[in-house]
Amino acid sequence: MTTAALDIAAIRADFPILSREVRGRPLVYLDNAATTQKPRQVIEALTHYYSNTNANIHRGLHTLAEEATAAYEATRSKTAEFIGAAHPQEIVFTRNTTESLNLLAYTLGARLRPDDEIILSALEHHSNLVPWQLLAQRSGAKLRFIELTEDGEFDLDQARSLFNPRTRIVSVAHMSNVLGAIAPVADLVEFARAVDATVILDAAQSAPHMPVDVGALGVDFAAFSAHKMLGPTGVGVLWGKRELLADLDPFLGGGEMISVVNREESTWAALPHKFEAGTPNIADVIAFSAALDYLSAVGMQTVRDHDYALTAYAMERLSTIEGMEIYGPPGPERRGAVVAFNYADIHAHDIATILDSGGVAVRAGHHCAQPLMRVLQVPATARASFYLYNRESEIDALVDGLREAGSRFGLSV
Ligand code: C6P
């Protein structure tokens with residue numbers, strides 16, 4: 001693996017924020033799993049929209065409304081193409097991954113009966129756990145959990161044993177936001193098909209970092225967020241097979257999602273509008289188009305190769321520090337570009353604060369995965385996460401910052 005395929009200097013020049021300083025030092029942004037930075041193409045698309053096009057969509061008959069509607073729908077088509085969806089109608093825009101997953105838990109949940117089972121895993125983000133807990137409380141359905149191996153990967157034998165005729169839904173993170181582990185989707189789909197269960201992928205961390213082809217993966221639904229893939233905040237995607245989405249009742253009621261409204265009852269608009277009640281986040285959806293163009297021009301396999309090289313380099317450099325514990329799969333092959341770690345007995349928050357004083361931004365805490373922290377038996381971890389504009393010298397800056405933290409805490413570095 002090499003990073004030579006990417007012209008990092010040219011890419012970095014597209015991201016205005018990367019030339020700023022933090023605490024008198026060049027910004028080293030290693031918090032990409034939380035949200036990524038935005039290229040000027042996305043920023044300009046936003047200002048261009050508000051300066052030239054701004055109008056509400058799907059209702060006006062004037063030029064601006066037609067242009068805004070066309071640009072919004074063009075993003076839908078581009079999103080479908082980006083993930084290999086069969087039809088643009090299979091793309092529903094939401095606010096974020098969290099809302100996409102809540103939509104599914106709410107609508108699929110209407111079909112569940114007491115004692116039906118929902119399979120999740122021990123590493124889920126709260127967004128792919130709490131909505132199912134709420135559903136379990138409403139419906140009487142039971143939650144079952146795939147446990148992890150020592151390396152932080154799904155224990156496939158134990159996973160297989162969970163599937164049974166009561167299993168209705170399996171919903172897992174395609175890539176863990178803490179361990180980086182990539183889920184064995186093909187196996188899970190095989191287990192699920194044998195019992196006729198619905199398969200949902202939380203693709204919040206995978207869609208930004210690797211080629212994701214929902215058709216080839218064979219899943220039923222997938223959810224992800226634009227802001228983790230160079231796009232604006234406030235735009236989520238829910239993809240679902242057309243016949244499955246068509247079969248679900250609406251999530252939110254209101255304008256835009258109806259066909260005929262009577263005093264006592266209504267009928268629903270065609271897909272995907274049935275799931276997009278009210279005025280959507282028009283400007284940010286349209287600007288997301290520029291993010292998709294950017295990633296497509298680079299190529300998602302190139303992004304994955306670059307992530308792979310950086311992750312391998314980071315793991316190699318971090319493991320030279322005595323007292324460093326890195327969580328998740330041991331090599332970069334079955335993990336994405338996040339490296340969560342603890343350093344001796346320094347609290348993860350102290351690590352993040354000391355790194356920040358050197359301009360290095362990482363995340364520290366439970367990463368919205370408290371049950372996973374309990375499995376790891378730690379209250380928190382620090383986490384560095386990479387993207388296409390990061391370079392090895394920034395990992396060197398991370399390592400220097402960690403040595404600084406070690407010496408401040410009296411460790412031999
Ligand atoms: N993880 C992180 O720093 P939203 O907030 O809805 O855009 O994404 C939620 C979400 C769902 N699943 C996974 C696997 C995620 O990583 C995230 C977001 C961020 O790890 C913020 S907590």
Side-chain angles (χ1 to χ4, degrees), residues 29-38 79 92-106 120-134 145-146 148 152-154 170-183 185 188 200-210 212 219 221-239 251 281 284-285 288 291 307 311 327-328 335-341 348-349 352 355 361-373 375-376 380-387 390:
Y29 187 76
L30 302 180
D31 195 17
N32 294 286
T35 198
T36 64
Q37 298 303 343
K38 319 303 172 198
T79 308
V92 175
F93 288 119
T94 61
R95 281 185 304 153
N96 46 38
T97 305
T98 305
E99 186 175 298
S100 298
L101 292 168
N102 274 276
L103 186 161
L104 286 176
Y106 185 85
L120 309 171
S121 86
L123 56 67
E124 296 311 316
H125 187 281
H126 298 163
S127 295
N128 192 35
L129 172 59
V130 180
W132 304 112
Q133 291 175 342
L134 292 171
F145 291 88
I146 300 172
L148 307 179
E153 297 184 277
F154 286 9
V170 52
S171 186
V172 296
H174 193 187
M175 176 185 144
S176 162
N177 67 320
V178 180
L179 304 175
I182 297 169
V185 179
L188 298 177
I200 300 167
L201 266 197
D202 171 355
Q205 296 295 345
S206 59
H209 289 276
M210 61 183 75
V212 167
V219 297
F221 296 97
F224 54 98
S225 298
H227 72 92
K228 293 187 196 290
M229 49 200 298
L230 309 182
T233 50
V235 178
V237 176
L238 168 65
W239 165 81
F251 176 42
N281 189 348
D284 291 305
V285 166
F288 179 39
D307 277 357
T311 307
Y327 302 100
R335 65 187 291 156
V338 304
V339 181
F341 58 90
H349 287 168
L355 288 174
V362 299
R363 186 171 172 190
H366 54 63
H367 312 293
C368 300
Q370 288 184 13
L372 174 60
M373 294 297 120
V375 172
L376 300 176
T381 82
R383 182 191 69 185
S385 52
F386 316 115
Y387 212 20
N390 288 125

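Counting starts at 1 for both ligands and their atoms, in listed order.
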Indicate yes or no: at least one non-hydrogen side-chain atom of Phe154 is less than 4.5 angstrom from one of Leu123. yes
How long is the gap from CZ on Phe145 to CD on Glu124, to the nearest 0.5 Å? 8.5 Å
Do Thr381 and Phe341 make a side-chain contact, defined as non-hydrogen atoms from C-beta onward lying under 4.5 Å apart? no
Under the side chain to side chain contact (heavy atoms under 4.5 Å, CB included) test, residues paired with Asp31 that sit two or more places apart: Tyr29, Ala34, Arg363, Arg383, Ser385
Give, for atom NZ of Lys228 and atom OG1 of Thr35, the distance between the pair rounded to the nearest 0.5 Å. 6.5 Å
Could you walk me through whether His125 and Thr97 satisfy the side-chain contact (heavy atoms from CB on, under 4.5 Å) test, starting with their C-alpha distance in whole Å, then the side-chain angles of each, then the deciding distance to 0.1 Å, before giving a yes or no? CA-CA 11 Å; His125 187 281; Thr97 305; over 6 Å; no
Contacts table for ligand 1: protein N or O within a distance under 3.5 Å of ligand N or O, distances only.
residue	atom	partner	partner atom	Å
ligand 1	1 (N)	His125	NE2	3.4
ligand 1	1 (N)	Lys228	NZ	3.0
ligand 1	3 (O)	Arg363	NH1	2.5
ligand 1	3 (O)	Arg383	NH1	3.4
ligand 1	3 (O)	Arg383	NH2	2.8
ligand 1	6 (O)	Thr97	N	3.3
ligand 1	6 (O)	Thr98	N	2.9
ligand 1	6 (O)	Thr98	OG1	2.5
ligand 1	7 (O)	Ser225	OG	2.7
ligand 1	7 (O)	His227	NE2	2.8
ligand 1	12 (N)	Asp202	OD1	3.2
ligand 1	12 (N)	Asp202	OD2	2.6
ligand 1	16 (O)	Gln205	NE2	2.7
ligand 1	20 (O)	Asn177	ND2	2.8
ligand 1	20 (O)	Arg383	NH1	2.8

